[in-house]
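Please read the structure below before turning to the comments.
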Amino acid sequence: MDFTLNDEQRMLEETAGRLVRDRYGFEQRRRHAAEPKGYGAAIWAMMAELGLPAVPFPERDGGFAGGGVELLVLHRQFGRGLTLEPYLASVVLGGGLLSRLGGEAQRDAVLPQAIAGETILALAYAEPAAGYDPFWIGTRAERAGDGWRISGAKSVVLHGDGAGRLLVTARTGGGTGDRDGISVFLVDPTQAGVGVRGYATIDGLRAAEVTLVGAAGELVGPEGGAAEALEATLAAGCVALCAEAVGAMEQACELTLDYLKTRQQFGAPIGRNQVLQHRMVDMRIALEQARSMAILAACSLELSPAERERRVSAAKALIGTAGRLVAEEAIQMHGGMGMTEEAAISHYAKRLVMIDHWLGDSDYHTARFAELPEAA
Amino acid sequence: MDITYTAEEQAFRAEVRDFLRDGLPGDISDKVRGGRRLTRDDHLRWHAALNARGWLAVHWPKEHGGTGWGPVRRHIFDEECAAAGAPQIIPFGVNMVAPVIIKFGTEEQKRHYLPRILDGTDWWCQGYSEPGAGSDLASVKTRAVRDGDHYVVNGQKTWTTLGQHANMIFCLVRTDASVKPQEGISFLLIDMDAPGVTVRPIVTLDGEHEVNEVFLDEVRVPVENLVGQENKGWTCAKYLLTYERTGIAGVGMAKAALRHLKAVARRQERCGRPLIEDPIFRRRLAEVEIDLMALEMTNLRVVAAVQGGGVPGAESSILKVRGTEIRQAITDLLRRAAGPYALPFQHEALGSGFNEEPVGPDYAAPLAPQYFNRRKLSIYGGSNEIQKNIVAKMILGL
């Protein structure tokens with residue numbers, strides 16, 4: 001058993017950590033958020049230059065074949081800085097699915113640009129009536145000549161409004177909710193028949209509603225057989241989100257602890273108050289538990305799907321709850337200051353609560369965990 | 001023991017309902033129910049409607065234009081107003097400074113200010129909190145120095161709710177720094193239009209502008225604006241806080257929010273089925289409903305005791321802690337009910353004149369902002385930690 005990072009992972013952590021420390025102070029983040037795309041274009045280019053988007057891709061796609069631990073290392077740093085750049089959307093989700101499913105020509109046509117940060121990919125999987133179930137797909141695709149026509153609606157697509165290519169899940173067979181019959185299509189969002197309505201999310205990111213009316217799409221992978229790759233991609237996404245939550249929790253705990261030590265009330269630092277000490281301890285315990293689960297999930301991505309999914313759902317469930325506890329306590333202990341836009345803590349709190357709304361919340365993943373068969 | 005309302009109380013409830021049906025403008029209750037922003041004019045229209053019926057000043061004695069209602073009637077009124085989607089009465093004038101003026105003010109102050117509160121001429125805001133003070137109110141640093149017929153005031157107030165709409169502010173100021181903290185404080189009424197008063201917005205984490213900082217720089221305040229005696233303002237402050245703590249349980253608002261939660265859960269789909277059929281969600285809903293039933297009975301026990309001539313004491317701290325926790329739990333469930341549609345940040349959709357189709361279901365836009373906004377409930381009005389200290393000291397004797 002060894003919980004330490006190897007040399008390459010440590011270097012990755014140093015690289016990402018330095019980037020966040022030097023370029024992602026709270027004031028700098030505010031400036032990045034105000035840019036036209038809602039994130040720092042120069043920072044994103046810098047991430048690409050440092051090779052960060054290549055990390056999780058296999059070598060055949062020009063990547064460094066990083067796994068769950070590499071995702072953990074990177075996204076924990078992203079969480080510490082509350083970065084806004086489309087790494088999760090473009091690299092982990094969109095790129096991840098294309099890499100898993102796509103044929104060589106498709107991968108060659110798209111992935112190099114994604115790895116270079118020049119094209120953003122987005123995964124349009126969720127639907128308005130689905131809640132968090134990725135297999136609840138009403139969007140349909142039908143053959144038309146040599147190609148496919150897709151119709152349906154996709155909800156809250158992370159970075160969907162800045163994406164050069166969408167990966168869209170659609171049903172080519174089966175009934176809504178079935179595992180079989182799910183296909184993935186590469187869709188150019190600028191074509192007729194695709195509507196993209198972009199907006200900001202409350203945790204500072206960008207997302208979009210996507211409507212497809214007979215839009216042309218290029219089939220990626222086997223017809224009707226995308227469920228397994230979709231699940232694996234979302235599992236990687238959950239690892240990334242769990243890691244970001246851990247990074248954000250670390251910062252929220254540090255900021256709160258600092259506040260308890262410096263904020264004076266009734267003539268003493270409020271941290272002298274035992275009840276606040278115990279609650280700070282509860283926050284810290286939640287952080288340690290979250291760290292453990294983020295590690296567990298990160299080290300499970302290469303396991304059999306059955307084992308992987310149980311562990312990933314367990315991690316996402318626990319971290320959703322732990323993140324909410326840390327967020328709510330951090331605001332409460334900061335008092336009115338924690339309620340303000342100008343205090344960094346409120347942004348960490350918002351991100352922590354909202355991570356639970358991405359890729360399935362704690363209720364969804366708890367129920368899923370309970371229903372998944374135990375691996376032998 | 002009989003936990004039902006008397007026939008007279010039920011008749012009163014019916015009367016309130018009749019009034020609300022006709023007197024509460026529908027566009028205003030639509031905004032309240034939809035969680036959208038209210039304008040200054042919306043509040044003024046509602047206050048005017050209540051005032052026309054003689055029901056604005058629920059805490060005042062009849063001789064000054066109040067209702068003279070006892071605690072049970074006030075409770076019924078609050079509950080019906082919340083159920084009908086009425087905005088909260090902005091408390092700073094009518095429920096906070098007015099009782100202080102009635103109790104400690106001069107005849108001249110009563111004659112001048114009370115009618116102006118009723119008819120909406122003055123919009124009051126609160127100048128209690130200061131940066132660095134928080135729940136430690138006695139540590140106020142804003143100074144008022146006597147100069148002939150005026151006090152010259154310097155300092156800063158914060159968390160001034162709706163101060164952007166106000167033309168008057170009541171302030172705790174330090175008039176003697178050489179004595180124990182509570183003994184050198186005075187209660188001053190300050191015209192916001194006076195030179196040296198600056199209001200700066202504080203934007204909260206939900207993107208809203210509800211609270212402000214108020215800077216007081218060499219503000220000259222006539223001595224006749226002192227309420228009560230110089231250096232005895234702490235008495236006024238404590239008296240005002242007893243009014244802040246009435247209706248503190250927020251049962252009516254919690255019940256309205258719970259009804260909204262159920263309506264959302266019936267409409268929100270999860271895998272093609274209404275969320276309300278989801279066993280985990282149903283259980284969470286049931287738990288919070290049971291907590292609220294218990295709170296309502298606890299609240300009624302306190303209300304009945306006060307009606308019988310008692311004084312609400314540390315029990316109001318219990319009501320505040322539990323009431324705010326339950327309201328926060330309901331907004332937490334509302335946010336969660338929206339699922340992924342809690343994520344879009346639709347700031348414009350909360351205002352008037354937004355004609356676009358919202359992203360996601362029409363009820364979703366306010367849910368996450370409200371969840372974040374309601375985090376304040378356990379912080380303001382004496383944080384819940386302070387309330388627990390009060391219970392520990394006053395009820396448990398620790």
Side-chain angles (χ1 to χ4, degrees), chain A residues 126 128-133 135-136 138 155-156 158 176-177 197 199-205 207-209 263-267 270 273 275-276 279 324 327-328 331-343 345-347 349-350 353-354 356-364 366-367, chain B residues 129 131-136 138-139 158-159 181 202-211 268-273 275 278-281 284 328 332 335-336 338-347 356-357 359-361 368-369 371-373 375-376 378-380 383-386 388-389 392:
Chain A
Y132 296 110
D133 186 341
F135 297 153
W136 194 266
S155 51
V156 203
L158 180 59
T176 321
R197 182 178 177 191
Y199 47 82
T201 61
I202 198 162
D203 51 357
L205 299 172
E209 298 300 287
R263 174 77 160 97
Q264 304 273 324
Q265 212 173 68
F266 299 104
I270 57 173
N273 193 320
V275 75
L276 298 190
R279 284 164 51 184
R324 193 162 66 242
E328 292 181 352
I331 291 176
Q332 179 73 20
M333 289 202 250
H334 273 82
M337 286 312 299
M339 291 289 301
T340 63
E341 179 90 333
E342 61 189 54
I345 192 67
S346 75
H347 297 266
K350 280 198 281 191
V353 171
M354 285 299 141
D356 202 34
H357 286 271
W358 293 107
L359 307 187
D361 70 359
S362 52
D363 282 350
Y364 168 78
T366 304
Chain B
S129 298
S135 293
D136 183 9
S139 73
T158 192
W159 313 126
I202 297 174
V203 176
T204 40
L205 76 175
D206 51 347
E208 295 295 306
H209 171 205
E210 191 175 58
V211 288
Q268 182 72 36
E269 277 186 66
R270 282 291 152 81
C271 295
R273 284 173 58 193
L275 178 61
D278 178 271
I280 291 183
F281 202 85
R284 292 198 189 286
Q328 287 178 335
D332 180 47
R335 166 181 62 74
R336 292 208 231 174
Y341 280 116
L343 285 159
F345 182 50
Q346 303 179 73
H347 194 245
E356 287 172 49
E357 189 80 354
V359 173
Y371 160 80
F372 286 112
N373 181 282
R375 305 314 308 165
K376 73 187 177 191
S378 49
I379 296 170
Y380 71 13
S383 70
N384 282 14
E385 290 80 3
I386 295 289
K388 287 181 187 177
N389 285 348

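Naming: A, B, ... by sequence-line order, numbering from 1 per chain.
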Full working for side chain to side chain contact (heavy atoms under 4.5 Å, CB included) between A:Glu328 and B:Tyr371: CA-CA 11 Å; A:Glu328 292 181 352; B:Tyr371 160 80; 2.6 Å; yes
Considering only heavy atoms, which portion of [X] lies under 4.5 Å from any heavy atom of chain A: side chain, backbone, both, or neither?
X        : value
B:Ser139 : neither
B:Pro181 : neither
B:Asp332 : side chain
B:Leu343 : both
B:Arg335 : both

Can you list, pair by pair, the side-chain donor-acceptor contacts under 3.5 Å of residues 335-343 of chain A, counting residues two or more places apart and other chains?
residue, atom, partner, partner atom, Å
A:Thr340, OG1, A:Met337, O, 2.8

Chain A contacts, top residue of B:Gly207, B:Ala133, B:Gly360, B:Ser129 (heavy-atom pairs, under 4.5 Å): B:Ala133
B:Asp206/A:Lys350 ion pair, N-O < 4.0 Å: no
Salt-bridge criterion met for B:Glu357 and A:Arg197 (N-O under 4.0 Å): no
Side chain A:His357, main chain B:Gly339, donor-acceptor under 3.5 Å: yes
Short side-chain to backbone donor-acceptor contact, B:Asp136 and A:Gln265, under 3.5 Å: no
Best-contacting candidate, A:Ser346, A:Ala129, A:Gly131, against chain B by heavy atom pairs under 4.5 angstrom: A:Ala129
When A:Asp203, A:Ile331, A:Thr176, A:Val353 are compared by non-hydrogen pairs under 4.5 Å with chain B, the top option: A:Val353
Check [X] against [Y] and note the closest heavy-atom contact, atom names and distance.
X        : Y        : result
A:Thr201 : B:Phe345 : C-CB, 3.6 Å
A:Ala367 : B:Ile280 : CB-CD1, 3.9 Å
B:Phe372 : A:Ile202 : CD1-CD1, 4.0 Å

Criterion side chain to side chain contact (heavy atoms under 4.5 Å, CB included) on A:Tyr199 and B:Val359, from CA distance to verdict: CA-CA 9 Å; A:Tyr199 47 82; B:Val359 173; 3.5 Å; yes
Chain B contact via A:Leu205 - which portion, at a heavy-atom distance below 4.5 Å: neither
Proximal component of A:Ala207, with respect to chain B [non-hydrogen, under 4.5 Å]: neither
From A:Tyr364 atom OH to B:Arg270 atom CZ, the distance as rounded to the nearest 0.5 Å: 10.5 Å
Partner residues of A:Ser362 under the side-chain contact (heavy atoms from CB on, under 4.5 Å) criterion, sequence neighbours left out: A:Thr321, A:Arg324, A:Asp356, B:Arg336
Pair A:Asp363-B:Arg284, side chain to side chain contact (heavy atoms under 4.5 Å, CB included): steps then yes or no: CA-CA 10 Å; A:Asp363 282 350; B:Arg284 292 198 189 286; 2.4 Å; yes
Donor + acceptor pair across side chains of B:Glu385, A:Gln332 (<3.5 Å): yes
